[in-house]
Amino acid sequence: MDGENMGYRIGLDLGSTAIKMALVRDGDLVWSRQTPTAPGQAGLARDLVSAALDELGLAEGDIAGVAATGYGKRLVGTAGRLVDEISANARGLFALSRGRCRTIINIGGQDLKVIRLTEDGLVDEFRMNDKCAAGTGRFFEQAARILDTPLESFARLSLAADQPLELNSTCVVFAESEMVSLLAKGVRRENIIRGLHHSVAKRVGHLLGHGLVSGEIYLDGGPAQNQGLLSALEDELMLEVKKLPQPQFTVAFGAAIQP
Ligand code: ADP
């Protein structure tokens, strides 16, 4: 039977920064939650499962399958199946976009991935940068600390920039000192944050390269919650970039529905 029509199924995405869980019923996302990654990941994943069962009034026997994905997937002993992140992401976004997605830009806590899909939703091409923190969620987290500004405000502030600037540093360590000196010179946070978004968008553009983009493009992963990043990407690529309402859960969703 197809994975999308098998009652309740759970997908656990054990990422570098957050553990995400999706509970799917007959192909629909019915419950999702995330918790920060910390030691004892199996226990944290179990707590998410218990919370979902409690809140939905379900018993363990009601769950037809549990699948784990993400870099910590092997830490969850109870998961019936292990799914690789790329397949989970492809399957999840293809299903949630109703078959329209052809390119995925996934930004996680510690990596940046580009996945190109065939018309049937299979992985056609895959590129990744996991060697350097620039262009990843970690870059935004460090910027949030330096600028003493919550990540949740980045979208609003970047869209309020009046004199966007270019960050010259291509490395996170140098970008940190660049941000500190810009602040010291009195440059507005709004303009620094917009510059930050553009530097990440440039990295994505390099990874995407030429000729890779055809069909609908979606941004997912935690940083996709930031509308300012989406706008910067659209400016950089000169293409429309879409996102789903809960972009941080597509990988967990895809693991859940993997047959
Ligand atoms: P991973 O799968 O590697 O754990 P995620 O896809 O969960 O990573 O993304 C984590 C990143 O998402 C964080 O490093 C942070 O930059 C970003 N992030 C998390 N919450 C928000 C938010 N509310 N707004 C913008 N960015 C966010």
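What's counted below: heavy atoms across the whole structure, side chains too, no hydrogens, waters or symmetry copies. Whatever order the structure lists ligands and atoms in, that order sets their numbers, starting from 1. Here the structure is a predicted model, which means the values were calculated and not measured.
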Where ligand 1 meets Gly108 - atom numbers and elements under 4.0 angstrom, heavy-atom basis: 3 (O), 6 (O), 8 (O), 9 (O)
Atom 16 (O) of ligand 1 [closest protein heavy-atom partner, distance rounded to 0.1 Å]: Gly137 O, 2.9 Å
Residues Asn191 and Asp162: side-chain donor-acceptor under 3.5 angstrom: yes
Member of Val200, Ile107, Thr136, Leu230 meeting the side-chain contact (heavy atoms from CB on, under 4.5 Å) criterion with Pro223: Ile107
Backbone or side-chain N or O of Thr37 under 3.5 Å from ligand 1 N or O: no
Numbering as shown, the atoms of ligand 1 that approach Glu141 to under 4.0 Å (heavy-atom distance): 13 (C), 14 (O), 15 (C), 16 (O)
Which residue and heavy atom of the protein sit nearest atom 11 (C) of ligand 1, plus the separation: Pro223 CD, 3.7 Å
Minimum-distance protein heavy atom relative to atom 23 (N) of ligand 1: Glu152 OE2, 3.5 Å
Salt bridge (charged side-chain N to carboxylate O under 4.0 Å, His left out) evaluation trace for Arg33 with Glu55: CA-CA 12 Å; Arg33 189 160 300 165; Glu55 289 174 25; 2.9 Å; yes
Ligand 1 N/O within reach of Ala18 N/O, cut-off under 3.5 Å: yes
Nearest-contact summary for atom 22 (C) of ligand 1 - protein heavy atom, Å: Gln225 NE2, 3.9 Å
Validation row: Lys113, Phe126 side chains within 4.5 angstrom (heavy atoms): yes
Atom indices of ligand 1 within 4.0 angstrom of Phe140 heavy atoms, with elements: 16 (O)
Arg194 vs Glu166, salt bridge (charged side-chain N to carboxylate O under 4.0 Å, His left out): CA-CA, chis, key distance, verdict: CA-CA 9 Å; Arg194 173 80 77 92; Glu166 287 254 325; over 6 Å; no
Protein heavy atom at shortest distance from atom 15 (C) of ligand 1: Leu151 CD1, 3.5 Å
Whether Asp220 side chain and Ile104 backbone form a donor-acceptor pair below 3.5 Å: no
Ligand 1 N/O within reach of Lys20 N/O, cut-off under 3.5 Å: yes
Donor-acceptor under 3.5 Å (Gln142 side chain, Phe139 main chain): no
Plane angle bin for His197 and Phe154 - parallel if under 30°, tilted between 30 and 60°, otherwise perpendicular: tilted
Verdict with reasoning, Lys73 to Glu85, per salt bridge (charged side-chain N to carboxylate O under 4.0 Å, His left out): CA-CA 9 Å; Lys73 58 183 172 287; Glu85 294 96 293; 3.3 Å; yes
Any Gly70 heavy atom less than 4.0 Å from ligand 1: no
Residue-ligand contact Gln248/ligand 1, heavy atom below 4.0 Å: no
Residue pair Ser87 / Gln258, side-chain donor-acceptor N/O under 3.5 Å: no
Residue selection (non-hydrogen contact nearest atom 8 (O) of ligand 1) among Pro36, Gly109, Ser16: Gly109
Nearest-0.5 Å distance, CD1 of residue Ile257 to CG of residue Asp26: 12.0 Å
Geometric N/O contact Asn226 with ligand 1, under 3.5 angstrom: no
Heavy atom of Gln34, distance to ligand 1 below 4.0 Å: no
Test of proximity, Gly221 against ligand 1: N or O pairs below 3.5 Å: no
Side-chain donor/acceptor of Asn226 to backbone N/O of Gly228, under 3.5 Å: yes
Closest approach of any protein heavy atom to atom 27 (C) of ligand 1, naming residue and atom: Gly222 O, 3.7 Å
Nearest-neighbour protein heavy atom for atom 4 (O) of ligand 1, which is reported as residue plus atom name and distance: Thr17 N, 2.7 Å
